[in-house]
Amino acid sequence: MIWNEKAECMSRDEMISLQNKRLKETVKHVYDNVPFYRKKMQAKGIEPEDIKSIEDLPLLPFTTKDDLRDNYPFGLFAVPKKDIVRIHASSGTTGKATVVGYTREDLEIWNECTARCLTMAGVGAEDIIQVAYGYGLFTGGLGAHGGAEKIGAMVVPMSTGNTKKLTTMMVDFGVTAIACTPSYLLHIAETLESEGEIDKIKLKYAICGAEPWTVNMRKQIESRLHINAFDIYGLSEISGPGVACDCIEHNGLHVCEDHFLPEIIDKDTLLPLPDGKTGELVFTTITKKGLPLIRYRTKDLTDITHEKCNCNRTSARISKFCGRTDDMLIIRGVNVFPSQIEAAITELKEVTPHYLMIIDRVNNLDTLEVQLELNKAFNSDEIKAIENINKKATVAIQQAIGLAVKVKLVEPNSLQRSMGKAVHVIDNRKID
Ligand code: DLL
């Protein structure tokens with residue numbers, strides 16, 4: 001079943017002609033309405049009329065997460081605030097979040113893209129889908145929800161956090177599809193197994209993303225739950241989940257390229273790379289009105305092909321991701337930058353700025369321990385004082401990253417110093 005045959009199966013020439021038209025409109029829209037882009041283009045001596053087709057993309061400036069942060073919160077919006085009907089946000093590299101805004105039309109397009117992805121996985125109007133991504137500022141919950149409603153499926157807006165309730169409802173409601181992170185789905189599988197409920201479920205499909213996962217992990221999920229699992233990709237800056245998704249061929253993720261124009265660039269030279277070469281994925285949104293982004297550097301590493309897929313879709317496909325160019329970690333689906341921890345602890349006078357993050361995966365759930373170094377030695381009779389520092393540090397870090405954390409205070413001068421790049425992260429997770 002195909003949700004939007006016209007968009008997903010058009011010939012390459014038709015797609016390029018649509019992209020050319022939409023790119024030109026977008027460039028004019030940002031030039032007229034976003035001083036940041038106008039200045040950047042003027043500095044390069046470019047007028048909107050110079051952009052005639054997608055071949056001219058390399059003339060345009062890049063946009064980065066830092067640009068969003070520097071224009072926090074609404075500085076890159078291209079429409080008046082009254083036309084924005086929804087805000088989402090994700091972690092910035094330091095204290096400030098990256099804020100994104102959507103017009104009503106943007107939300108409709110986002111729902112359409114997510115609906116396409118769910119349809120690609122097989123979800124239809126007759127399905128009952130549990131959305132177990134977080135609802136709120138994170139785009140996962142409301143994004144998957146909007147797509148599922150558009151299809152006409154029965155949506156159970158679980159969000160995250162109560163696995164027992166989720167598995168009970170999965171059995172009682174006869175849930176047939178689930179959208180959540182792959183690691184959470186493995187945890188759900190384990191819970192069902194330990195409760196002896198695994199044979200009572202009616203689950204057929206899972207649409208998993210928001211964090212890296214391997215083919216082996218997909219196969220494990222599929223065999224433990226007797227389902228088909230699909231990889232959905234997105235990022236809040238570009239819209240959220242629904243930017244790309246894999247089909248039953250599992251041979252790359254189909255990009256909704258009639259809305260999000262992909263490029264792969266060399267991360268060092270920043271020059272475009274040909275199909276098949278691994279580099280940084282860059283997107284230009286070509287239909288968004290609220291927060292259109294030109295050549296947004298995702299920092300995600302992959303390659304692209306424009307060959308037709310065996311499923312008959314002609315849309316460009318990106319490979320499963322093979323890493324990032326920055327130090328962003330994804331812990332329980334939440335994006336975390338080590339610099340956020342640093343920013344939080346430098347406010348605390350009782351600890352030094354040295355820290356070590358230790359990430360593990362226990363029962364398929366990620367855990368984060370942060371070791372902090374005390375500024376001075378404490379005696380054994382000062383346990384209360386140490387407990388207070390621990391509490392204070394825990395609250396400060398949790399507020400900074402929006403994730404539960406275990407803080408361990410260690411002796412002064414005990415964290416390893418480095419002559420070069422400091423090692424701040426030990427990631428013990430094995431994602432296959
Ligand atoms: O994670 C949006 C999303 C929600 C995607 C639900 C899929 C499902 P952000 O919080 O802005 O948005 O994080 C975006 O997460 O740049 C990737 O590094 C990573 N990521 C997202 N999906 C995948 C995936 C959402 N399928 C960042 N595979 C991106 C690998 C993924 N990494």
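- A salt bridge does not link Glu280 to Arg324: none of the charged nitrogens lies less than 4.0 Å from a carboxylate oxygen.
- A distance-only check finds a donor-acceptor pair linking the side chain of Asp106 to the backbone of Lys289 [under 3.5 Å].
- Checked by atom type and distance alone, the side chain of Thr346 pairs as donor or acceptor with a backbone atom of Glu342 at under 3.5 Å.
- Asn111 and Glu149 are not linked by any side-chain donor-acceptor pair at a separation below 3.5 angstrom, with hydrogens and angles left out of the test.
- Judged purely by atom type and a 3.5 angstrom limit, Arg317 uses its side chain to pair as donor or acceptor with the backbone of Asn251.
- Put simply, the side chain of His187 gets close to the backbone of Asn363: a donor and an acceptor are under 3.5 Å apart.
- Between the side chain of Tyr233 and the main chain of Pro241, no donor-acceptor pair closer than 3.5 Å is present.
- Within the structure, the salt bridge (Lys or Arg N to Asp or Glu O under 4.0 Å) test picks out the following pairs touching residues 226-244 (sequence neighbours left out): Lys65-Glu237, Asp231-Lys320.
- Here the closest heavy-atom approach between residue Tyr37 and residue Pro292 is recorded as CE1-O, 3.8 Å.
- Relative ring orientation between His145 and Tyr135 is described as perpendicular, the plane-to-plane angle rising above 60° on a 0-90° scale split at 30° and 60°.
- Taking each heavy atom of Pro262 and Leu281 in turn, the nearest pair found is CB-CD1, 4.2 Å.
- In the model, Asp275 has no side-chain atom that pairs as donor or acceptor with a side-chain atom of Thr305 under 3.5 Å.
- Sorted by first and then second residue, the salt bridge (Lys or Arg N to Asp or Glu O under 4.0 Å) pairs with a member in residues 363-372 read Arg361-Asp366, Asp366-Arg429, Glu369-Lys406; sequence neighbours excluded.
- With rounding to the nearest 0.5 Å, the separation of CD1 in Ile232 from SG in Cys245 is 5.0 Å.
- At distances below 3.5 Å, not a single donor-acceptor pair connects side-chain atoms of His88 with backbone N or O atoms of Val100.
- Within 6.0 Å of NZ on Lys164 lie more than 12 heavy atoms contributed by other residues, nucleotides or ligands.
- Once rounded to the nearest 0.5 Å, the distance linking CG of Leu203 with CD1 of Ile227 reads 5.0 Å.
- Below 30°, between 30° and 60°, or above 60°: for Tyr102 and Trp110 the angle between ring planes is below 30°, a parallel geometry.
- Ion pairing of Glu222 with Arg218 is present here, as a side-chain N (NZ or NE/NH1/NH2) and a carboxylate O approach within less than 4.0 Å.
- Between His29 atom NE2 and Ile286 atom CD1 the span is 13.5 Å, to the nearest 0.5 Å.
- Judged as a ring-ring contact (aromatic ring centres under 6.0 Å, His included), and not counting sequence neighbours, Tyr205 has no contacts.
- The side-chain contact (heavy atoms from CB on, under 4.5 Å) search around Glu347 returns none, not counting sequence neighbours.
- The distance between the ring centers of His424 and Tyr355 falls below 6.0 angstrom.
- When only modelled atom types and interatomic distance are considered, Thr285 and Tyr296 share no side-chain donor-acceptor pair under 3.5 Å.
- Smallest separation of non-hydrogen atoms from Val123 and Ala153: CG1-CB, 4.3 Å.
- Pairs of residues two or more places apart, or lying in two chains, that qualify as salt bridge (Lys or Arg N to Asp or Glu O under 4.0 Å) and include a residue from residues 24-45 are Lys21-Glu25, Lys28-Asp32, Lys40-Asp67.
- Contacts classified as salt bridge (Lys or Arg N to Asp or Glu O under 4.0 Å) and involving residues 250-270 (residues at least two apart or in different chains) are given here: Arg12-Glu257, Arg116-Asp258, Glu263-Arg295.
- In this structure, CD1 in Ile265 is found 8.0 Å from CG in Leu273, a value given to the nearest 0.5 Å.
- Of all the heavy atoms in Asn390 and Val407, the pair that sits closest is ND2-O, 3.1 Å.
- With rounding to the nearest 0.5 angstrom, the OG atom of Ser90 is 7.5 Å from the CE atom of Met328.
- In terms of heavy-atom proximity, Cys247 sits nearest to Arg313 at CB-NH1, 3.9 Å.
- Within the model, atoms SG of Cys180 and CG of Leu186 stand 9.0 Å from one another, a figure rounded to the nearest 0.5 Å.
- For the residue pair Glu8 and Ser315, no side-chain donor N or O sits within less than 3.5 Å of a side-chain acceptor on the partner.
- A donor and an acceptor atom, one from each side chain of Thr287 and His259, are located under 3.5 Å apart.
- Glu249 and Cys309 get closest at one heavy-atom pair: CG-SG, 3.9 Å.
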